[in-house]
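Here is the structure we will look at.
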There are 2 protein chains.
Amino acid sequence: MTSSMAPGTRQPTIKEVAASAGVSPMTVSRTLAGGVNVRPDLQAKVLAAVKELGYFRNENARSLRPGQASGLIGVAITNLGNPYYGNFALGVEEVAAKHGKRIVLGNTGEDCGREAQLVADFIGRQVEGLVVVPSGGAAEHLRADRLGDTPIVLASRQVAGLDVDTVLLDDVGGAYQGTLSLLESGHTRIGFLGNVPSVSTGQRRYIGYEKALAERGISPDARLIQRDQQDVEAARSAMERLLDLPDAPTAIFSANNRNTIGALKEIGRRIRSGAGATGFPAIVSFDSFELSEMMPVPVTVIDSDARQLGREAAELLFARLQAADSHGPSRMIELPVTVSMADR
Amino acid sequence: MTSSMAPGTRQPTIKEVAASAGVSPMTVSRTLAGGVNVRPDLQAKVLAAVKELGYFRNENARSLRPGQASGLIGVAITNLGNPYYGNFALGVEEVAAKHGKRIVLGNTGEDCGREAQLVADFIGRQVEGLVVVPSGGAAEHLRADRLGDTPIVLASRQVAGLDVDTVLLDDVGGAYQGTLSLLESGHTRIGFLGNVPSVSTGQRRYIGYEKALAERGISPDARLIQRDQQDVEAARSAMERLLDLPDAPTAIFSANNRNTIGALKEIGRRIRSGAGATGFPAIVSFDSFELSEMMPVPVTVIDSDARQLGREAAELLFARLQAADSHGPSRMIELPVTVSMADR
DNA sequence: GTCGGTATTGGTAACGTTACCATACCTGTG
DNA sequence: CACAGGTATGGTAACGTTACCAATACCGAC
């Protein structure tokens, strides 16, 4: 039974456990470390005292000792509310757990300043490595030599001029294939909804789109290109502008999840206000989303496995952590994407 | 310029910074703490050395000092891949940031053992408080006296016999209202898709459903009740069973997000295999989901603000942290939900 | 009975940091 | 010019833990 004390009650320390068990702190430490060379009866006493006092080892103090690792991997993602990144984090966690490490997760909200803060804090907490989905602004704070030799892996997006391990999707190829499928269906006016070019996925997916158009001798029409939307509502409004053009596009290439949802919301709005369910542009969406098969217009999905992306990023990090030469040349992996055609 | 050393390169310490700047560690510490009573020229030297060496304060060592708080709040959620919990975590983070704290996020995967492990680790890392969405199994490890006086707030779900601060949704009321709306439309055979009763939301939402039925003198039909689905595929298959009943339900009350998606997927499957879009049960869904307005069958949504849930949980925690009497009686908050009728 | 070896236990120091105290300096006042 | 009162700086100890070493107890072998 714990004595119920004033608010300021502290965690018990190993000394208190030792006193309560009638042994030295070292015996407690050894017992908790597995009990080698500790008499079973003392182990029992120690464990009883631990339970009685509700003792937990102070991991901060533990990781202070020389040579002791903190057991933490810092993970910074841009938007926790986006299930894509949630699943990404799950992939990182899965691999980290396999190596006996825990992840510390932080959200940058696409804000470069918060990202810098977060990374600094991670390092201050002695993480053994970092997995970061960069927000896309200036990235001085991600340079390897500014991180005190903490290894870092970038995921999903790359940063120009930053020579570190990176895992990307096949953005260019996926966008190219998706756009091509629209061209092959006879579309020639294809709208583009996407991210700002300063974010590498925004840039790379645009390149794939443009490449497919170029092969058919079509030069991009600036009025069909909307690249400034960060959230669903902005995407919806961009879609509204495209649909209101005198010569509206007959198909849309949407470069991500948020844009696709926004575009579909605008279509839904028009359907509910009386327009029939026909005459809307076909949609190709980079990134899948739940219930895409239930949409009133055909949606072709360029899908990737967020969890796998997280796994690969983590594997890259652990490879570097275990490498004899942790300063070896940086590696870059591109994960394939799958294109699931709308079946109508 | 950092000397590029062998893999084992360590973070620089305050002593090294001090040596490099030609001052004592105390002057470095004071400078980093805001610079009171430090000559400007020395501050400049220190800051230059910090930058030069890429020094970050060791937060673990810092929090070891007596009276120093770790600045961390531990947050345990059940499923990172579910955007509901992602947004929940964002709400917690928002309030934590307001108080100058950071969150450490962990995923339990609805696994009670992992939850216990996670909480123990949080405490070992000296978090100042915990926000937990309990997984629903045994919860010995969440008892306040097992947590070394670290305050805890439960969110979304309560745990029987656990007398701690809790934030819930108005599960009973929402389920009652949603079910009532179906009854008022004339439905009498209403299926139930939900969580296992050991999870409090599963239990409470079932109670609301049953209460509405009882008011109309309808006793629940066991064949219409499916309460074992944890993921989308299981939910789809449960929906399949309901639809295949000889006297299939004319409406479905789905007690959460995952079940609603599964149910809709089954409907989609049938529509695509040739059935018309009519003759399917009306759906009421506890929890909203993106694009619910685009579904081929009307979906009434019982919506709650996940982010607000996170905010309220965090506020409860900080109230307790700042209270003079941190052992005061536990509080319970129920957040309202809104019912958005399908508009057809 | 003595010796080498092993099993068990405890003491000490060190990890990186900062609160506290002591010291040295500086400025203005009587 | 002495002295009070402030400002600036450094030394020391302590936070909780465990690696390392020292000490003790015990065992079997000679």
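Chain naming here is simple, since letters A, B, ... match the order of the sequence lines and numbering starts at 1 in each. Because only heavy atoms are used, hydrogens play no part in the values below, and waters and symmetry mates are left out as well, while side chains stay in.
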Legend entry - Validation row: B:V153, B:L130 side chains within 4.5 angstrom (heavy atoms): no
Legend entry - Any A:T13 side-chain nitrogen or oxygen under 4.0 Å from OP1 or OP2 of D:dC15: no
Legend entry - Any N/O donor-acceptor pair, A:R65 side-chain to D:dT18 base, under 3.5 Å: yes
Inset, instruction - Would you kindly say whether A:E115 and A:T78 are connected by a side-chain donor-acceptor distance under 3.5 Å? - result: no
Inset, instruction - Could you check how far CD of B:Q126 sits from P of D:dC15, rounded to whole Å? - result: 14 Å
Inset, instruction - Find out whether B:R320 and B:E315 are in side-chain contact, i.e. whether some heavy atom of one side chain is under 4.5 Å from a heavy atom of the other. - result: no
Inset, instruction - Quickly work out the B:Q68 CD to D:dC15 C1' distance and round it to whole Å. - result: 10 Å
Inset, instruction - Calculate the interatomic distance between B:N58 atom CG and C:dG16 atom C1'; express it in whole Å. - result: 6 Å
Inset, instruction - With sequence neighbours excluded, give me every salt bridge (Lys or Arg N to Asp or Glu O under 4.0 Å) pair touching residues 75-89 of chain B. - result: none
Legend entry - Gap between atoms CZ and P, on A:F56 and D:dT17 respectively (whole Å): 13 Å
Inset, instruction - From the options D:dT12, D:dT17, C:dG11, select the nucleotide whose nearest atom is closest to the side chain of A:K15. - result: D:dT17
Legend entry - Side-chain donor-acceptor pair present, A:N60, B:S63, cut-off under 3.5 Å: yes
Legend entry - Phosphate-side-chain proximity, A:R30 and C:dT9, N/O vs OP1/OP2 below 4.0 Å: no
Legend entry - Minimum-distance nucleotide to B:I14 side chain [options: C:dG11, C:dT18, D:dG10]: C:dT18
Inset, instruction - With the side chain counted from C-beta on, respond yes when A:M332 and A:D165 share a heavy-atom pair under 4.5 Å apart, and no when they do not. - result: no
Legend entry - Distance-only donor-acceptor check, side chains A:Q11 and B:T150, under 3.5 Å: yes
Inset, instruction - Under 4.0 Å from any atom of DNA chain D, heavy atoms only: list the residues of residues 117-124 of chain B that qualify, in numerical order. - result: none
Inset, instruction - Counting heavy atoms from C-beta on, name the nucleotide in D:dG11, D:dA8, D:dT18 closest to the side chain of B:N37. - result: D:dA8
Inset, instruction - Round to a whole Å and report the spacing from CD of A:E59 to P of D:dT17. - result: 9 Å
Inset, instruction - May I have the distance from A:R125 (atom CZ) to C:dT17 (atom C1'), rounded to whole angstrom? - result: 14 Å
Inset, instruction - Respond yes when some side-chain nitrogen or oxygen of A:R57 is under 4.0 Å from OP1 or OP2 of D:dT18, and no when none is. - result: yes
Inset, instruction - Between B:V38 and B:A61, name the one whose nearest nucleotide on DNA chain D is closer to the 5' end. - result: B:V38
Legend entry - Axis deviation across the helix from C:dG1-D:dC30 to C:dG30-D:dC1, five-pair ends, to the nearest 10°: 60°
Legend entry - Side-chain N,O (B:R39) to OP1/OP2 (D:dT9) below 4.0 Å: yes
Inset, instruction - In whole angstrom, give the distance that lies between atom CD of B:Q11 and atom P of C:dC15. - result: 16 Å
Inset, instruction - Can you tell me the distance, in whole Å, between the CG atom of A:L64 and the C1' atom of C:dA14? - result: 9 Å
Inset, instruction - Could you tell me whether the side chain of A:E128 and the main chain of A:G71 form a donor-acceptor pair under 3.5 Å? - result: yes
Legend entry - Note: B:R125-B:D121 ion pair, threshold 4.0 Å (strictly below): yes
Inset, instruction - Examine C:dG10: is either OP1 or OP2 under 4.0 Å from a nitrogen or oxygen in the side chain of A:T27? Give yes or no. - result: yes
Inset, instruction - Kindly say whether B:E16 contributes a backbone atom to a donor-acceptor pair with the side chain of B:S20 at under 3.5 angstrom? - result: no
